[in-house]
Amino acid sequence: FFFQAEDGIRDSSVTGVQTCALPIFRPFTLTHGCTLLCITVVIALALRRGIHQSNTAAPTPFEHALAFINLVVWIVAHGWWQLPPRFDPVTTLPLQMCHIASLIASIVLLTRHPVARAVLYFWAFALCTQAMITPSLVEPPNSGVFWSFWFLHGFVMMTAIYDIAVNGFRPGWRDYGIACAASASYVALTLPVNLLLGSNYGFTGQSRPLNPSIVDLLGPWPARLLLIVPLAALAMLVVLLPWLVARRVTTKSTARRVPV
């Protein structure tokens, strides 16, 4: 997420009671619903364009274009937060899981690397969906932060769906293991950073998300750390199960057709 604050809009030009007078984004509102609808439409258009490509054996020019557009937005958006007076290592470093997943999405489109595809699938559907449902965002639609937030998070979901529908990715147990290893590495990276800075990257720090989320149900820190890791592994297992079932059904169906 681009930032986490206790209240109001973080803007160096606005202080005191002025902050309270500014409109803020809130989840489960008409704005939130319309934003998700727009993202759904964009994903549908990308799928339609991808499916009608003549040759998808290797990454296509369309996929390259999408990947580079995402990289440009990522660099501009996060680079903007690293400049004074906005820079704050507690909140502005691009260390949230969705930040990294957005970069992985571009790697998937550019290379179709199996490790990147595995991590993207499980992080997108099992974990980053929380950012879509309970976004840690207060900036309204008249802010560039609003649009960059939704672009980058929507891009993660779009690429994960695109990789399945257009490029035929089908996750298995090996991919699940890769995603679990990547998640453990992520926690190993962010937890020391959070302890050192007092930050909350990956929601493994002491503070809570800006808006209500599932993290609020996991109890106080550090006890909730004992729940976050297994819950993440369970969530990734849940999004793997449909493919295991489908593979099992396909295998049985094929076996019935084979003459004895």
Side-chain angles (χ1 to χ4, degrees), residues 1-14 19 22-43 45-46 66-83 85-106 108-109 120 123-162 186 190 199-203 205 207-216:
F1 303 89
F2 284 105
F3 71 96
Q4 295 170 356
E6 293 301 320
D7 192 18
I9 296 176
R10 189 172 72 180
D11 189 330
S12 59
S13 64
V14 181
T19 303
L22 292 177
I24 64 174
F25 170 86
R26 296 189 185 280
F28 308 113
T29 60
L30 180 61
T31 300
H32 188 190
C34 289
T35 302
L36 294 179
L37 178 61
C38 290
I39 291 174
T40 301
V41 171
V42 171
I43 291 175
L45 292 175
L66 290 177
F68 285 120
I69 290 172
N70 178 65
L71 289 174
V72 169
V73 174
W74 195 98
I75 292 171
V76 171
H78 291 292
W80 187 78
W81 279 115
Q82 309 315 310
L83 298 175
R86 293 171 292 275
F87 174 71
D88 180 358
V90 175
T91 56
T92 64
L93 297 178
L95 293 179
Q96 295 288 12
M97 180 172 283
C98 291
H99 296 161
I100 300 172
S102 184
L103 289 178
I104 294 175
S106 283
V108 167
L109 290 175
L120 177 67
W123 282 16
F125 289 108
L127 305 176
C128 291
T129 46
Q130 289 300 311
M132 309 293 287
I133 300 170
T134 57
S136 184
L137 177 72
V138 294
E139 308 290 18
N142 61 357
S143 167
V145 175
F146 175 93
W147 295 103
S148 58
F149 176 96
W150 286 112
F151 176 92
L152 293 172
H153 286 76
F155 191 87
V156 171
M157 301 308 303
M158 182 199 75
T159 306
I161 296 171
Y162 183 99
Y186 174 77
T190 56
S199 53
N200 193 25
Y201 297 113
F203 303 114
S207 60
R208 293 183 181 275
L210 180 62
N211 289 317
S213 74
I214 192 173
V215 176
D216 299 324

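- The shortest side-chain heavy-atom distance between T35 and F149 does not fall under the 4.5 Å cut-off.
- W150 and L36 get closest at one heavy-atom pair: CZ3-CD2, 3.9 Å.
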Open item on the list: Working note: N200 + V90, criterion side-chain contact (heavy atoms from CB on, under 4.5 Å); need CA distance, chi angles, decisive distance, verdict.
Closed with: CA-CA 8 Å; N200 193 25; V90 175; over 6 Å; no

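- Going from atom SG of C38 over to atom CD1 of I43 covers 11.5 Å, rounded to the nearest 0.5 Å.
- A donor-acceptor pair under 3.5 Å is absent between the side-chain atoms of Y201 and the main chain of M97, judged by distance alone.
- Side-chain contact between T92 and H78: absent, with no pair of heavy atoms (C-beta onward) separated by less than 4.5 Å.
- Among all heavy-atom pairs drawn from W123 and A101, the shortest one is CE3-CB, 4.2 Å.
- Using a 4.5 Å cut-off on side-chain heavy atoms (C-beta onward), M157 and F125 make contact.
- Looking at Y162 and V108, their side chains never come closer than 4.5 Å, going by heavy atoms from C-beta outward.
- By the 4.5 Å heavy-atom criterion applied to side chains, F87 and L93 are counted as neighbours.
- Heavy-atom minimum distance, A124 versus V156: CB-CG1, 3.8 Å.
- Taken from CD in Q82 to CG in D88, the straight-line distance is 10.0 Å, to the nearest 0.5 Å.
- In this structure the side chain of I133 reaches within 4.5 angstrom of the side chain of F28, judged on heavy atoms.
- Of all the heavy atoms in R26 and T29, the pair that sits closest is O-OG1, 2.8 Å.
- Nearest heavy atoms, P135 versus H32: CD-CE1, 3.8 Å.
- Distance OG/S136 to CD/Q130: 12.5 Å, rounded to 0.5 Å.
- Here the side chains of W80 and V145 are in contact, with some heavy-atom distance below 4.5 Å.
- Between E139 and F25, the shortest heavy-atom contact is O-CB, 3.3 Å.
- Exactly one of T159, N70, L66, I69 qualifies for a side chain to side chain contact (heavy atoms under 4.5 Å, CB included) with S106. That residue is N70.
- Inter-residue side-chain proximity for Y186 and L127 is flagged as unmet; no heavy-atom pair is nearer than 4.5 Å.
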